[in-house]
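Report on one structure; see the data block that follows.
Heavy-atom basis, side chains included; hydrogens, waters and symmetry copies ignored. Both ligands and their constituent atoms are indexed starting at 1 by order of listing. Since we're looking at a predicted model, the values are computed, not measured.
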Amino acid sequence: MTLELTVPSMACSACAETITNAIQGIDAAAKVEADPKTKLVKVETQQPEKVVKDAIASAGYPIS
Ligand SMILES: [Cu+2]
C-alpha cells in the first residue's frame with residue numbers, strides 16, 4: 001500500500017529525516033520519500049494508515 005500524506009510542518013531535510021526514521025521505527029521495511037518542498041510524504045508500507053500517521057505525529061509533525 002502506498003500512502004501520500006501532507007505534513008505542513010516539514011520544513012527542511014532534517015525534518016524529512018526525522019519523519020523517515022519515525023516511519024521506519026514502526027515498519028523497518030517501509031520505503032519513505034519525504035519532500036520538504038512539497039510537504040508530501042510518500043510511504044510504501046504494509047502498516048495501516050493510522051499507525052503511520054500516529055508515528056509521524058508522535059515525532060512532532062501533525063498530518064494536515
Ligand atoms: Cu527541519
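Distances under 2.8 Å from the Cu ion (ligand 1) pick out the protein N/O/S atoms C12 SG, C15 SG.
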All N/O donor-acceptor pairs, side-chain side in residues 4-19, below 3.5 Å, sequence neighbours left out:
unit_1	atom_1	unit_2	atom_2	d
T18	OG1	A14	O	2.9

Show which side-chain atoms of residues 53-64 pair as donor or acceptor with protein atoms under 3.5 Å away, not counting sequence neighbours.
unit_1	atom_1	unit_2	atom_2	d
K53	NZ	E49	OE2	3.3
D54	OD2	K50	NZ	2.7
S58	OG	D54	O	2.4

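Side-chain contact check for V41 versus I23: some heavy-atom pair is nearer than 4.5 Å.
Listed by first and then second residue, the side-chain hydrogen bond (donor to acceptor under 3.5 Å, both in side chains) pairs involving residues 21-37 are D27-T45 (not counting sequence neighbours).
Atom CD in Q46 sits 7.5 Å away from atom CE in M1 (nearest 0.5 Å).
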